[in-house]
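Numbers restart at 1 for each chain; the letters A, B, ... are given by sequence-line order, proteins then strands. Because the structure is predicted, anything quoted here is derived from the model rather than measured.
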Protein chains: 2
Amino acid sequence: MGDTAQQIIDLAEDAIATKGYSAFSFREIAALMGIKSASIHYHFPTKPHLGLAVASRYRQGYAAALADIDAQDLTPEAALASLVNIYRQQLGNGERMSVCMMLAAEIKLLPVEIQQEMQAFYALNIDWLQHLVQRRQPTWLPAESRVLACQLFALLQGALMGAKTQGSPEYFEQAVVALAKLWPQ
Amino acid sequence: MGDTAQQIIDLAEDAIATKGYSAFSFREIAALMGIKSASIHYHFPTKPHLGLAVASRYRQGYAAALADIDAQDLTPEAALASLVNIYRQQLGNGERMSVCMMLAAEIKLLPVEIQQEMQAFYALNIDWLQHLVQRRQPTWLPAESRVLACQLFALLQGALMGAKTQGSPEYFEQAVVALAKLWPQ
DNA sequence: GTCTATAATTTGATAGAC
DNA sequence: GTCTATCAAATTATAGAC
């Protein structure tokens with residue numbers, strides 16, 4: 001994977017996070033790079049190929065971030081706070097929504113390979129949260145910790161979506177306070 | 001507003017809920033009605049006009065549904081359960097996501113009038129939930145009840161988004177269990 | 001690897017007949 | 001109100017030169 005291909009993925013990710021998969025175009029990526037759209041096709045034959053490359057790298061980067069948290073041997077509470085921080089960072093970057101949120105909304109329009117990538121992204125998040133819960137509640141059945149993992153993830157995603165839509169970081173902060181309330185005391 | 005205009009809005013709402021504002025077209029609506037796209041322009045001069053009509057009617061219908069709940073003089077718990085039922089109904093309708101979710105994801109691309117409609121939709125929801133919370137916790141400050149309202153709404157939206165994206169009604173059911181945990185006992 | 005040139009399609013929108 | 005016809009623009013994608 002060359003530098004040019006990397007830069008194409010960078011810009012495509014940004015475009016998808018801002019406009020969505022349907023609305024972003026090869027030409028706008030090319031224009032930002034000072035090349036022609038035909039050159040993009042040299043690196044990624046079709047739009048589904050480029051979209052899949054974006055989604056796949058996005059999931060892998062996310063998995064690496066979760067692994068980083070794990071490597072710090074934090075308490076479950078602190079590890080969850082680190083995840084919240086990852087989401088919090090997305091509040092600042094202006095026109096950009098979240099790649100996950102855009103592809104989630106468009107999922108019925110996506111090539112099946114990208115749909116599968118999104119399913120894997122969800123599984124990654126929920127599995128990670130489930131392990132976190134299980135570590136804090138060792139006596140729980142896996143089914144119990146999975147339910148709480150779903151609750152935590154739904155709240156986190158809803159908080160980010162609402163904050164981005166309203167342009168209100170406060171909304172995010174107020175919503176994520178509820179995460180702590182979902183842990184058993 | 002004639003019958004034809006109503007039917008156009010019906011089909012446009014369905015298309016927006018399925019494909020989003022950017023990806024739906026006048027021609028597909030016209031084809032479903034057995035007319036030509038030029039005829040759509042007679043009823044709605046531009047795409048922003050039609051999009052605004054969809055968003056506005058959607059918000060008004062939603063407001064009416066909330067008013068219906070209010071008219072039943074339910075307990076706050078039962079009223080919240082009724083709202084959850086409204087969201088639950090969206091799990092069944094196949095390819096359709098939620099109008100709110102699609103327009104929320106695309107908000108940066110929307111004509112400003114539709115953006116404002118979305119802001120009004122969020123305000124409607126949060127104000128309604130805030131009143132609900134205030135009714136259950138009469139001694140709370142408005143700021144406190146507003147925070148809980150944001151938490152409830154974020155969880156509800158995240159639950160629907162995750163369930164729709166994964167095609168998993170169970171995800172929704174597991175996530176919304178947490179709504180009860182957020183109420184003070 | 002990037003270019004020019006172009007094909008094929010889709011889109012929002014308008015003019016004018018009926 | 002709906003039609004035909006059309007425009008101007010944008011899009012994905014390909015062929016072939018350099």
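The NZ-C1' distance, from Lys47(B) to dT11(C), rounds to 8 Å in whole Å. Going from atom CZ of Phe44(B) over to atom C1' of dT14(C) covers 18 Å, rounded to whole Å. The distance from atom CE of Met33(A) to atom C1' of dT2(C) is 11 Å, rounded to the nearest whole Å. The nearest whole Å value for the distance from the CD1 atom in Ile29(A) to the P atom in dT2(C) is 15 Å. In this structure, His49(A) atom NE2 and dT14(D) atom P are separated by 10 Å, rounded to whole Å. Taking atom NE2 on His43(B) and atom C1' on dA13(C), their separation rounds to 16 Å, with Å as the unit. When the P atom of dA7(C) is taken as reference, atom NE2 of His41(A) falls 17 Å away, rounded to whole Å. Across the protein-nucleic acid pair, Ile40(B) atom CD1 and dT11(C) atom C1' stand 14 Å apart, rounded to whole Å.
In the model, Lys108(B) has no side-chain atom that pairs as donor or acceptor with a side-chain atom of Gln115(B) under 3.5 Å. Side-chain N/O atoms of Glu106(A) and Ser22(A) include a donor and acceptor closer than 3.5 Å.
Atom NE2 of His131(A) is surrounded by 12 or fewer heavy atoms from other residues, nucleotides or ligands within 6.0 Å.
Across all strands, Phe24(B) comes closer than 4.0 Å only to sugar-phosphate atoms, never to a base (heavy-atom distances).
Between Asp70(B) and Arg135(B), none of the side-chain N atoms (NZ, or NE/NH1/NH2) sits under 4.0 Å from a carboxylate O, so this pair counts as no salt bridge.
Contact check, Thr46(B) against dG12(C): no side-chain N or O comes under 4.0 Å of OP1 or OP2. Side-chain nitrogen and oxygen atoms of Ser25(B) include none within less than 4.0 Å of the OP1 or OP2 phosphate oxygen of dT10(C).
Both Leu160(B) and Ile107(B) are assigned to one and the same hydrophobic cluster, defined by single-linkage of ILVMFWY side chains at heavy-atom distances under 4.5 Å. Tracing side-chain contacts under 4.5 Å through hydrophobic residues (I, L, V, M, F, W, Y), one reaches Ile86(A) starting from Val176(A); they form part of the same cluster.
The side chain of Tyr42(A) has dT2(C) as its nearest neighbour among dG1(D), dA13(D), dT2(C).
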(request) Check the pair Asn125(B) / Gln157(B) against side chain to side chain contact (heavy atoms under 4.5 Å, CB included), numbers first and verdict last. (result) CA-CA 11 Å; Asn125(B) 273 280; Gln157(B) 283 204 300; over 6 Å; no
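Within residues 4-18 of chain B, the residues that place at least one heavy atom under 4.0 Å from DNA chain D are, in residue-number order, Thr4(B).
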Close N or O pairs between protein and nucleotides 3-6 of chain C (under 3.5 Å):
from	atom 1	to	atom 2	distance (Å)
dC3(C)	OP2	Lys36(A)	N	2.6
dC3(C)	OP2	Ser39(A)	OG	2.9

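The aromatic rings of Phe121(B) and Phe153(B) lie tilted to each other, with the angle between the two planes from 30° to 60°.
Under the side-chain contact (heavy atoms from CB on, under 4.5 Å) rule, Arg96(B) has a single partner from Met102(B), Lys19(B), Glu13(B), which is Glu13(B).
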